[in-house]
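Basis for what follows: all heavy atoms, side chains included, without hydrogens, waters or symmetry-related copies.
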Amino acid sequence: MLAYTGLRWGELAALRVRRVDLVRRRLLVAESVTEVNGRAVFGTPKTHQRRSVPLPRFLVEPIAAQIAGRAGDELVFTSPAGEVLRNNNFRRRVFDRAAESIGLAGLTPHELRHTAASLALAEGANVKAVQRMLGHASAAMTLDVYADLFEDDLDQVADRLDRTAGRAAADSVRTEGVGPDLDAVRPGRKQHV
């Protein structure tokens with residue numbers, strides 16, 4: 001979920017069943033949870049703005065199974081005891097071992113937010129759409145945070161300009177009035193080569 005939606009940990013942990021729209025494939029981010037002095041405290045998301053986050057098709061079925069038969073106010077993801085997911089406990093019990101097992105020791109849940117942004121941008125998503133998905137205040141902020149993802153874009157710009165220049169050169173050869181005027185030879189008249 002984190003790697004494909006870009007949710008912050010607190011947004012994922014506070015996601016309620018009623019805020020999952022499987023038909024439209026959207027998650028409504030309206031709440032977040034943080035831990036203060038060992039207590040889970042619910043509040044608004046970081047930007048204090050609700051947002052709609054797209055849910056990739058391949059996640060619909062697993063999420064549908066996750067929320068089946070659950071009341072609208074229940075949390076989508078919970079601890080084994082049915083309580084709010086706490087980042088430190090989840091990391092210690094599940095996440096860190098899973099990351100290490102695939103050769104990504106040291107990976108954090110927050111870094112999966114960057115993964116989501118990277119995947120979206122690599123697939124050609126509009127920066128404004130990624131901004132809205134991540135809940136950034138502006139597209140400029142998204143560009144500033146993820147500027148390093150655009151380094152390869154410089155090569156792509158050069159490649160596109162090369163193709164454009166090549167097409168322009170080919171077009172000039174085909175342009176009327178440029179090159180030999182083959183229509184100038186009238187029928188019946190012998191052309192000297």
Considering only distance and modelled atom types, tabulate donor-acceptor pairs under 3.5 Å from the side chains of residues 5-16, sequence neighbours left out.
residue : atom : partner : partner atom : Å
T5      : OG1  : M1      : O            : 2.5
T5      : OG1  : L7      : N            : 3.4
R8      : NH1  : E11     : OE2          : 2.8
E11     : OE1  : R8      : N            : 2.9
E11     : OE1  : R51     : NH2          : 2.7
E11     : OE2  : R51     : NH1          : 2.9
R16     : NE   : E31     : OE1          : 3.0
R16     : NH1  : D73     : O            : 2.7

Worksheet entry | CG on L107 to CD1 on I102, rounded to 0.5 Å | 7.0 Å

Discussion item. Is there a continuous path of hydrophobic side-chain contacts, each under 4.5 Å between heavy atoms, that joins V36 to L85?
Written reply: no

Worksheet item: If we only count heavy atoms from C-beta on, is the P54 to R26 side-chain gap below 4.5 Å?
Response: yes

Item to complete: Supply the atom-to-atom distance M133 CE to S52 OG, rounded to the nearest 0.5 angstrom.
Response: 12.0 Å

Practice prompt. Give, for atom CG of L119 and atom OH of Y4, the distance between the pair rounded to the nearest 0.5 Å.
Written response: 5.5 Å

Discussion item. For a quick test of reading the model, state the closest non-hydrogen atom pair linking V33 to A40 and the distance between them.
Written reply: CG2-CB, 3.8 Å

Practice prompt. With sequence neighbours left out, write down each residue that passes side chain to side chain donor-acceptor pair (under 3.5 Å) with E83, or none if nothing qualifies.
Written response: none

Discussion item. Within the structure provided, determine whether F42 and V84 are in side-chain contact (heavy-atom separation under 4.5 Å).
Written reply: yes

Discussion item. Test of understanding: with side chain to side chain donor-acceptor pair (under 3.5 Å), list the residues that count as partners of E74, not counting sequence neighbours.
Written reply: R70

Practice prompt. Report yes if some heavy atom in the side chain of L112 is under 4.5 Å from a heavy atom in the side chain of F95; otherwise report no.
Written response: yes

Item to complete: For residues P45 and Q49, report the shortest heavy-atom separation together with the two atoms involved.
Response: CG-O, 3.6 Å

Worksheet item: From H114 NE2 over to L121 CG, what is the distance, rounded to the nearest 0.5 angstrom?
Response: 12.5 Å

Discussion item. In this structure, would F77 and L28 fall into the same cluster of hydrophobic residues linked by side-chain contacts under 4.5 Å?
Written reply: no

Worksheet item: What distance do R39 atom CZ and R86 atom CZ have between them, rounded to the nearest 0.5 Å?
Response: 9.5 Å

Item to complete: Establish, from distance only, whether the side-chain atoms of N88 and R91 form a donor-acceptor pair under 3.5 Å.
Response: no

Discussion item. Could you check whether any side-chain heavy atom of L22 comes within less than 4.5 Å of a side-chain heavy atom of I67, counting everything from C-beta outward?
Written reply: yes

Practice prompt. Spell out, yes or no, whether L104 and L2 are grouped together once hydrophobic residues are joined by side-chain heavy atoms under 4.5 Å, including indirect joins.
Written response: yes

Worksheet item: So, does R113 use its side chain to make a donor-acceptor pair with the main chain of L134 at under 3.5 Å?
Response: yes

Worksheet item: Atom CG of D21 and atom CD1 of I63: how far apart are they, to the nearest 0.5 Å?
Response: 13.0 Å

Practice prompt. Group every Ile, Leu, Val, Met, Phe, Trp and Tyr by side-chain heavy-atom contacts under 4.5 Å, then state whether L59 and L75 land in the same group.
Written response: no

Worksheet item: Should P109 and N87 count as side-chain neighbours, where that means a heavy-atom distance under 4.5 Å?
Response: yes

